[in-house]
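Worksheet: the structure to be examined is printed underneath.
In the text below, chain A, chain B and the rest are named by the order of the sequence lines, each starting its count at 1.
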Amino acid sequence: MQLEAALKQYYGFDDFRPGQKEILEDILSGHDVLGMLPTGTGKTLIYQLATVLLKGRALIVSPLVSLMQDQVDQFKQTGFKRTVALNSFLDHSDKQSVLNHLKDYQFVFVSPEIMQNKYIRSALLSVNWSLFVVDEAHCISQWGHEFRPYYLDLAFIRKKLGNPVCLALTATAAVKVQEDILKYLEMKDAKVHIHSVNRPNISIFVESFSDVEQKLDRALELITELKGPGIVYTNTRRGAEQLVTVLHERGIQDVSYYHGGMDQDERLLVQKQFLNSQLQLIVCTNAFGMGINKPDIRFVIHYNAPANVEGYVQEIGRAGRDLQPSAAILLYHPSDLEIPFHFIENELPDDNQIDYILSDYDVLAEQTLSERLQLAGISETGQRFMEYHLNNSGVLYEKCVPEVKRESLKKILKKKIEERKREKLNSLRMIEKWIMDEGCKRSMMLKYFGEEEIAEKDYCCSGCQDELTRFYGKEEKETHIYQVWEDELKRLFRQEV
DNA sequence: CGGCAAAAACGTACGTTTTTGCCGGTGCGGTACT
């Protein structure tokens, strides 16, 4: 009853959404919690309310600085004024003043990386935390192993902070990812709340092509026919740009591309235009989507197959947040998997490169580690991976590393890399299998997330004979919006309209 | 690996063909430089 009263007092709601209350109760009784809840369940409310009821403060680890800024704004708007984000957006003096008054804040957002900064870390250690929240916790597994290794340091940091209760939240985590989260956050005896990833209003279609031209034609047909707004995912940055060029040539103007190679401002602009419905379609790499809360996305097309099932589920999950019928269409060509395969094979150093990096470590004084890593031709991700692990093993601080230690380190790293490759190749094989299999796509997907298979229903997937044409039918609205937008642009350039 | 663009090689003077070489998702912070 006490929880319902607090819910009423702070939010004005009468009832919790599924999952919220159970997680809150576990947190308040001092348990670590892994919560996998679908988007729109109100994950934020859980740790806001928990922090308030614990009369303490929460440290929230968030993967993207842009997301953090949005969250801080949202917190402030909903009355949680004592909220701040510690990241590189802050200039030196602002950072200084936040750190000096850290105890006055109730909610502090951080990236995993910024806690490596010793000033920030010591400031964080100087106050008491009642809650350690890891938002989008699947990043630990998805990015921690190589791309953003400091995700693997979170357990260590939490321990230093005096082991506050840990709440890991995500919307999609396959069984292996759930295991990784529990393992790398060292959440012993954690309560696990897993809710279904099934999104009944999203119909799943897979179409295979042996000819890339035919696939392009089909994509253009779908983009023309399907009711928007929509997202198209491609494998490469260039692929996204090229598809947009083709669409522009065909007179479809309310389309733009988005990928990680663009400037921050440019990315923000495209994102805002899409959220404001000035753009009806966004063609992008997997850089786009996290933290996007546009409720009315009607379709997600995969122009190339993604590297694993969980990535696919995350990406199609951006459709139909308003619970209206939406379509996910994967257009598959066997060459799609070559690029993910290439990344898996090449992002981490091979045995020869490991030998080279760790040979004659004592002469390294004349050569910085990063010089050596570059000389060995190791990818940027591979370089970060090596730096992280060499740093962790302590060899960076030793003047002369004994032969025995060097050899054992080589062995450890080689084993780690091989294991990681095997896992990723396995995931790649899983999605290939999922694509090729003729059965119910939804059931197979749910099985991958450790869920019971569901009974087939009428509107389900291409394996269950659902019809994609029922999602056809563009609205007049789009061209209207475009004209208004075009008029505004003309006015900006002082042309007659 | 496979696709694509720039460089080199054509065989005859600037356009076409062949060869070489490089790149390919995801983001943070901080430092060096405009």
Any-strand Watson-Crick or G-U partner of B/dC1, both distances under 3.5 Å: B/dG24
d(CD, A/E113; P, B/dG29) in whole Å: 7 Å
Spacing of OH belonging to A/Y150 relative to CZ belonging to A/R384, to within rounding of 0.5 Å: 10.5 Å
Pair A/H145 + A/Y184: ring centers closer than 6.0 Å: yes
Length of the line joining A/Y119:OH and B/dG30:P, which is rounded to integer Å: 11 Å
Stacking check A/F147 vs B/dT26 (5.5 Å / 30 deg): yes
Ion pair A/K424/A/E347, N-O distance below 4.0 Å: yes
Touch class at under 4.0 angstrom, heavy-atom based, for A/Q116 against every strand present: nothing
Salt-bridge present (A/K215, A/D217; N to O < 4.0 Å): no
Check: A/L390 and A/F385 side chains under 4.5 Å, non-hydrogen atoms: no
Candidates A/E266, A/R267, A/R237 - the one meeting side chain to side chain donor-acceptor pair (under 3.5 Å) with A/Y258: A/R267
Those residues of residues 257-269 of chain A lying under 4.0 Å from DNA chain B by at least one heavy atom: A/H259, A/G260, A/R267
Atom CD of A/E418: over 12 foreign heavy atoms under 6.0 Å: no
B/dT12 versus B/dA6 - spacing of their C1' atoms, nearest Å: 23 Å
Interatomic distance at C1', B/dC14 relative to B/dC10, whole Å: 12 Å
B/dA32 pairs with, by Watson-Crick or G-U criteria that keep both distances under 3.5 Å: none
Any side-chain heavy-atom pair of A/E207 and A/F209 under 4.5 Å: yes
Salt bridge A/D355-A/K414, side-chain N to carboxylate O under 4.0 Å: yes
Partner set under salt bridge (charged side-chain N to carboxylate O under 4.0 Å, His left out) for A/R158, not counting sequence neighbours: A/D32
Distance under 6.0 Å and angle within 45° of ring axis: A/K81 vs A/F75: no
Phosphate contact (B/dG30 OP1 or OP2) by A/K95 side-chain N/O below 4.0 Å: yes
For A/F449, all residues meeting ring pair (Phe, Tyr, Trp, His ring centres under 6.0 Å), sequence neighbours excluded: none
side-chain N/O A/R384 vs B/dC28 OP1/OP2, d < 4.0 Å: no
Over 12 foreign heavy atoms within 6.0 Å of NE2, A/H101: no
Gap between atoms CD and C1', on A/Q383 and B/dC28 respectively (whole Å): 16 Å
Selection: residues 84-91 of chain A, any non-hydrogen atom under 4.0 Å of DNA chain B: A/N87, A/S88
Rounded distance in Å - CZ (A/R148) to P (B/dG29): 8 Å
Touch class at under 4.0 angstrom, heavy-atom based, for A/Q314 against every strand present: nothing
P gap between B/dT26 and B/dT31, integer Å: 26 Å
Pairing partner (Watson-Crick or G-U wobble, both distances under 3.5 angstrom) of B/dA8: B/dT17
Geometric class of the A/F147/A/W143 ring pair [parallel <30°, tilted 30-60°, perpendicular >60°]: perpendicular
More than 12 heavy atoms from other groups under 6.0 Å of NZ on A/K447: no
Interatomic distance where CD belongs to A/E241 and P belongs to B/dA5 [whole Å]: 12 Å
Interface residues of residues 62-71 of chain A with DNA chain B (non-hydrogen, below 4.0 angstrom): A/P63, A/L64, A/V65
Sugar-phosphate only, base, or nothing, as touched by A/N346 at under 4.0 Å among non-hydrogen atoms: nothing
Rounded distance (Å) that lies between atom P of B/dC28 and atom OH of A/Y388: 18 Å
Between B/dA9 and B/dA13 - C1' atom distance, rounded Å: 14 Å
Interatomic distance where OH belongs to A/Y150 and C1' belongs to B/dG30 [whole Å]: 12 Å
Nucleotide B/dT26, atom C1' - distance to CG of A/L348 in whole Å: 14 Å
Close approaches to DNA chain B from residues 332-344 of chain A, in residue order (heavy atom, under 4.0 Å): A/E338, A/H342, A/F343
